[in-house]
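Heads up: the structure comes next, in structure tokens.
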Protein chains: 2
Amino acid sequence: MDLIYMRSFLEVARCQSFTKAAENLGYVQSSVTAQIQKLENEYGVVLFERYGRSIRLTSAGEQLHDTFERILQIYDDSKRLIARQAKGNLEIGTIESLMAFYLPPLFHRFLQSFPDINLQVNPLVEAAILQSVRNGHLDLGIVIDLPITDNDLESIIIRQEPLVLVAKPEHPLGSTDRIDIAELEGQFLITTEQGCTYRAAFERLLGQHGVTYHIHHEFGSLEAIKQCVSYGLGIALVPHIAVIRELAEQRLVTLPFVHPDITFYTQIVHHKKKWLNPAIRHLIELLTETDDVAVAPGSVALQTARYGQ
Amino acid sequence: MDLIYMRSFLEVARCQSFTKAAENLGYVQSSVTAQIQKLENEYGVVLFERYGRSIRLTSAGEQLHDTFERILQIYDDSKRLIARQAKGNLEIGTIESLMAFYLPPLFHRFLQSFPDINLQVNPLVEAAILQSVRNGHLDLGIVIDLPITDNDLESIIIRQEPLVLVAKPEHPLGSTDRIDIAELEGQFLITTEQGCTYRAAFERLLGQHGVTYHIHHEFGSLEAIKQCVSYGLGIALVPHIAVIRELAEQRLVTLPFVHPDITFYTQIVHHKKKWLNPAIRHLIELLTETDDVAVAPGSVALQTARYGQ
DNA sequence: GCGTTTCCATCGAAAAAAATGATGATTGCC
DNA sequence: GGCAATCATCATTTTTTTCGATGGAAACGC
């Protein structure tokens, strides 16, 4: 009897749905069916009454719901208890935008579970991150990129990362409904540094459509870019999370530009051969569980990211 | 994380030995090693300090020992709780000797876990048992036989069943050290009925060695056989368990006769296709767990008899 | 009412995990 | 120093799990 069956059971009960539970857990629906059937066999009872559309716990199911919660509680507690005693270093690399707007609360939560782990976070450009992960200098990398496929590297997609084109509030393109690529002709771009994948993709896209543009500045610092944009020195392509506050305060506006080629993903990268100790696994779990993954190309994310138990 | 790992862990801790734990659990030693290693990986700690010969729990191991006990306790309780609510019939067949001397306490324990199961036990001769199990009239058969191999039937060996040749206390052969088959020449045998496998094997053995003998009576009843033997009407081959009391009270003595061809096993037989509901599984567990299995041909017994979890 | 969609179950194939048996290394024992 | 016992490791086989595709049944929308 595997503990994951119990977790699946609880999730099915919570969602009142095999399908939803499967999605949340990163399984295919038939797998969840199979898992529940295992439980049902093991106990020799039916756990869910399957009506046409909806399901309901049987009385045995309710009794066991309780049991499973208790068991998993104890188990999870024991994991935490042991984890708290873990010592060591955990070195990760990530890009500035994630470092600044996404990761801090997660790191905070991580350190609550692993107070004695020395977590070192290096802000780097993506190429450096991938290289350091590959040669083992970093335990983990967190980047924004197209889905990474690599012989040495394993990538776990966390979520699609919306990128937005921002401009100062009075920008002429801001009032249109939808911007065609051609309309970007002649614009001044404030860009992140060379080597930034989404900058590269954006420039490539413009180039393919014969759109000419001016690079205004190349900044490593997002803060600087936002400042320049808000002063009207140009427009910039940045992760949505990086400008949420500025948008809310109307110091910046998004330009209604979308294009499938600029569909990027926040992803965790680690060496395929690397043994993931509980600290690393926990961090990955934190990263993956936070966001509902509504990702385009299959639910690669959660399926790859099932650790533990 | 599978609950069986926790059980293995506890057993290893209890036995202070991987090897012994493996034997008790019906695993091979390397499997237990692998299971403990899984736990160790999962928690990222070493659970046992391996000294040269002996092992000892680490501090993390001790903490988890507690945890696992609690989890398994809850789990087992939940199994029992659900089991108590099980209703239905469970029809088994067995031979008289087992029915009289071995099974009653087990049935008693079984009914404590499954009070609402209607357990019906039919005393039959072995051939009838096998046939009824084959055609589905019986859920389970418990017999004494050579290891059964059958296309339709699954056999689970519980233990080797010592058979002894008994005689009245003053019997002349009783004083010898070791009886050769030839010495049985001319003896009067009190036998169980036709169709009894160990009787058949015994007679075959005598026949092969050209030993002539007299059948004195054919009884279905062990009680009658024992009476006849104690009155000196002949000798009899019976399961040791059936005459323990008589031997203790010195109303009978065993004759020092052993022969490899009369190595019999108490075994559970069920149809291969049959789905074993929790009640049946529990009964099988009770039957298998009671005895330390010190069985000659591999540990078929426990290996076949691992149900649940 | 009738197609459509939404669910869960089933099935075969592929992938992953577990168990085994043989072997090796280490330690303690005589 | 050889022997026996014990746990680890490895390759292989067996079993289990997962996936993906399909099917059927019930609700939904028009």
Side-chain angles (χ1 to χ4, degrees), chain A residues 1-9 11-13 15-42 46-58 61 154 272 275 297-309, chain B residues 1-9 11-13 15-42 46-58 61 154 272 275 297-309:
Chain A
M1 184 47 46
D2 206 306
L3 291 180
I4 57 174
Y5 300 158
M6 301 186 184
R7 241 181 261 281
S8 297
F9 171 86
E11 186 66 12
V12 171
C15 302
Q16 293 289 308
S17 156
F18 283 55
T19 308
K20 286 224 181 57
E23 277 170 23
N24 295 345
L25 297 164
Y27 284 107
V28 128
Q29 169 262 322
S30 60
S31 299
V32 172
T33 295
Q35 294 185 353
I36 301 301
Q37 283 176 341
K38 286 232 181 58
L39 280 174
E40 293 185 323
N41 277 341
E42 189 56 34
V46 176
L47 259 19
F48 291 101
E49 275 166 351
R50 281 84 156 172
Y51 294 117
R53 171 94 35 152
S54 62
I55 60 176
R56 180 188 310 166
L57 276 180
T58 61
E154 183 81 32
K272 270 182 178 159
W275 132 243
S299 46
V300 186
L302 282 171
Q303 286 177 24
T304 333
R306 222 157 43 220
Y307 299 97
Q309 305 168 32
Chain B
M1 183 49 43
D2 205 304
L3 291 180
I4 56 176
Y5 301 158
M6 303 186 183
R7 239 182 262 281
S8 296
F9 171 86
E11 187 66 11
V12 171
C15 303
Q16 292 290 307
S17 155
F18 283 56
T19 309
K20 288 226 179 54
E23 275 170 23
N24 294 345
L25 296 164
Y27 284 106
V28 126
Q29 168 261 321
S30 59
S31 300
V32 173
T33 295
Q35 294 185 352
I36 301 302
Q37 283 175 341
K38 289 234 179 59
L39 281 175
E40 294 186 321
N41 276 341
E42 188 58 32
V46 176
L47 259 19
F48 291 101
E49 276 166 351
R50 280 85 158 173
Y51 294 116
R53 172 92 37 147
S54 64
I55 59 176
R56 179 188 309 165
L57 275 180
T58 61
E154 183 82 34
K272 271 185 178 155
W275 131 244
S299 46
V300 188
L302 283 170
Q303 287 177 26
T304 333
R306 223 157 40 220
Y307 299 96
Q309 308 171 31

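Residue numbers begin at 1 in each chain, while the letters A, B, ... track the order of the sequences.
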For atom CD of A/Gln37 and atom P of D/dC19, their distance in whole Å: 15 Å
From CZ of B/Arg56 across to C1' of D/dT6 the rounded distance in Å is 16 Å
Could you state the atom-to-atom distance from CD1 of B/Ile36 to C1' of D/dT6 in whole Å? 15 Å
For B/Leu47 and B/Val12, what are the C-alpha separation, side-chain angles and deciding distance, and is it a side-chain contact (heavy atoms from CB on, under 4.5 Å)? CA-CA 11 Å; B/Leu47 259 19; B/Val12 171; over 6 Å; no
D/dC7 OP1/OP2 closer than 4.0 Å to side-chain N/O of B/Ser17: yes
Among C/dC8, C/dA19, D/dC7, which nucleotide has an atom closest to any side-chain atom of A/Phe18? C/dC8
Is the phosphate of D/dT6, meaning OP1 or OP2, less than 4.0 Å from a side-chain N or O of B/Ser54? no
Working to the nearest 0.5 angstrom, can you tell me the gap between A/Tyr27 OH and A/Gln35 CD? 4.5 Å
Using the side-chain heavy atoms of B/Ser31, tell me which of these nucleotides is nearest: C/dT10, D/dA8, C/dT20. C/dT20
For B/Leu57 versus B/Ala13, what's the shortest heavy-atom pair and its separation? CD1-CB, 4.3 Å
Going from CD on B/Glu23 to CD on B/Glu11, what distance comes out if it is rounded to the nearest 0.5 angstrom? 10.5 Å
Counting just side-chain N and O atoms, does A/Tyr27 come under 4.0 Å of either OP1 or OP2 of D/dT18? yes
Nearest to the side chain of B/Thr33, heavy atoms from C-beta on, is which of C/dA9, D/dT9, C/dA19? D/dT9
What is the distance from CE of B/Met1 to C1' of C/dA17, rounded to the nearest Å? 13 Å
Interatomic distance, CD@A/Glu40 vs OG1@A/Thr58, rounded to 0.5 Å, equals 7.5 Å
Are OP1 or OP2 of C/dA9 and a side-chain N or O of A/Arg50 less than 4.0 angstrom apart? yes
Take the protein atom CD of A/Glu49 and the nucleotide atom P of D/dA26, then report the distance between them rounded to whole Å. 15 Å
Close N/O contacts between protein and nucleotides 10-16 of chain D (under 3.5 Å):
none

Between D/dC19, D/dC7, C/dC8, which one does the side chain of B/Gln29 approach most closely? D/dC7
Atom pair CZ (A/Arg56) and CD (A/Glu49), whose distance is rounded to the nearest 0.5 Å: 6.0 Å
Expressed as a whole number of angstroms, how long is the span from A/Leu39:CG to D/dT17:P? 11 Å
Mutual orientation of the aromatic rings belonging to A/Phe9 and A/Phe48 [parallel < 30°, tilted 30-60°, perpendicular > 60°]: tilted
Spacing of A/Gln16 atom CD relative to C/dC7 atom P, expressed in whole Å: 13 Å
To the nearest angstrom, how far is A/Ile4 atom CD1 from C/dA17 atom P? 10 Å
Are any of B/Gln35's side-chain N or O atoms less than 4.0 Å away from OP1 or OP2 of C/dA19? yes
